[in-house]
Chemist: 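Below is a structure I'd like to ask you about.
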Amino acid sequence: MTRPYCRLLTNLADDVDTIAAVGGYDDATDVLEDAVRELLRRRPELRTSLAVEKYRVGDVSLNRAAELAGMSAEDFKGELSDRGIHRDAGFLEHDDRETALDGFRG
């Protein structure tokens, strides 16, 4: 089934530029940010998936990812576990720790 409004978006880039011009936005980037923000509000599972992926690839810390997902850090840790994503707690083996400390000492 085709949604009637899908036919309106014949050239997405032009449509976004037009929305920016008539909608009081500074530019197309502001339109897209607003659209993505609304999408994530309507589909919280995407918000969580985005936060998980940003954490997985190292773009954000655990606390920031939890904030993006709208969860507590503990709940986010559970989400990571449920998805089979293991967190690196940041503990070093003794030799690695000594090497790192030597680097700081100069």
Side-chain angles (χ1 to χ4, degrees):
M1 179 174 140
T2 303
R3 296 177 184 163
Y5 59 85
C6 289
R7 286 180 260 159
L8 295 175
L9 300 176
T10 56
N11 186 335
L12 186 58
D14 287 342
D15 292 346
V16 170
D17 287 339
T18 301
I19 291 168
V22 300
Y25 292 94
D26 288 336
D27 56 29
T29 299
D30 288 345
V31 173
L32 294 175
E33 286 178 3
D34 200 21
V36 169
R37 198 173 295 114
E38 180 62 18
L39 175 65
L40 295 177
R41 186 190 67 75
R42 289 180 181 215
R43 301 212 23 220
E45 74 279 4
L46 286 178
R47 182 178 173 181
T48 300
S49 293
L50 176 63
V52 166
E53 185 62 14
K54 288 175 87 61
Y55 174 79
R56 190 188 68 75
V57 300
D59 286 346
V60 295
S61 68
L62 182 121
N63 286 335
R64 178 66 179 133
E67 181 182 336
L68 290 171
M71 300 178 173
S72 70
E74 287 304 311
D75 287 343
F76 191 73
K77 289 176 191 177
E79 184 69 30
L80 292 174
S81 178
D82 291 347
R83 293 177 183 230
I85 298 172
H86 303 287
R87 298 182 315 107
D88 178 11
F91 297 113
L92 299 174
E93 296 296 325
H94 178 73
D95 291 341
D96 294 332
R97 185 173 52 249
E98 290 302 316
T99 301
L101 288 173
D102 287 344
F104 288 121
R105 292 180 190 132

Chemist: Identify the heavy atoms of Tyr25 and Ile19 that sit nearest to each other, and give their distance.
Modeler: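 Heavy atoms only, the tightest pair is CD1-O, 3.8 Å.
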Chemist: Donor-acceptor pair, distance only, cut-off 3.5 Å: does the side chain of Ser81 make one with the backbone of Lys77?
Modeler: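 Judged by distance alone, no pair lies under 3.5 Å.
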Chemist: Between the main-chain N or O of Ala66 and the side-chain N or O of Asn63, is there a donor-acceptor pair closer than 3.5 Å?
Modeler: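 Here the side-chain-to-backbone pair does not exist.
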Chemist: If two hydrophobic side chains count as joined below 4.5 Å and joins carry through other members, does Val57 share a cluster with Val52?
Modeler: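 Different clusters: Val57 never reaches Val52 through Ile, Leu, Val, Met, Phe, Trp or Tyr contacts under 4.5 Å.
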Chemist: Could you report the tightest heavy-atom contact between Ala51 and Ala65, atom names first, then the distance?
Modeler: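 Ala51 and Ala65 have their closest heavy atoms at CB-O, 3.3 Å.
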Chemist: How many angstroms lie between CZ in Arg47 and CE in Met71, if you round to the nearest 0.5 Å?
Modeler: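 The distance works out to 9.0 Å.
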Chemist: State the CG-CG distance between Leu80 and Asp75, to the nearest 0.5 angstrom.
Modeler: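 So the CG of Leu80 and the CG of Asp75 are separated by 11.0 Å.
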Chemist: Side-chain heavy atoms under 4.5 angstrom apart, residues restricted to Ile, Leu, Val, Met, Phe, Trp, Tyr: same cluster for Leu32 and Leu39?
Modeler: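 Different clusters.
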Chemist: Tell me whether Leu68 is reachable from Phe76 by hopping between hydrophobic residues (I, L, V, M, F, W, Y) whose side-chain heavy atoms are closer than 4.5 Å.
Modeler: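 Phe76 clusters together with Leu68.
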Chemist: Less than 4.5 Å apart, side chain to side chain, heavy atoms only: is that true for Arg43 and Thr48?
Modeler: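 No - every pair of side-chain heavy atoms lies 4.5 Å or more apart.
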Chemist: If you compare all heavy atoms of Leu62 against all heavy atoms of Ala73, which two are closest, and at what distance to 0.1 Å?
Modeler: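 It is CD2-CB, 3.9 Å.
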Chemist: Considering the options Glu53, Arg56, Glu79, which one meets the side chain to side chain contact (heavy atoms under 4.5 Å, CB included) requirement together with Ile85?
Modeler: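 Result: among Glu53, Arg56, Glu79, Arg56 is the only option passing the side chain to side chain contact (heavy atoms under 4.5 Å, CB included) with Ile85.
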Chemist: Of all the heavy-atom pairs spanning Ala28 and Asp17, show the shortest one and how long it is.
Modeler: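 Closest approach of Ala28 to Asp17, heavy atoms only: CB-OD1, 3.4 Å.
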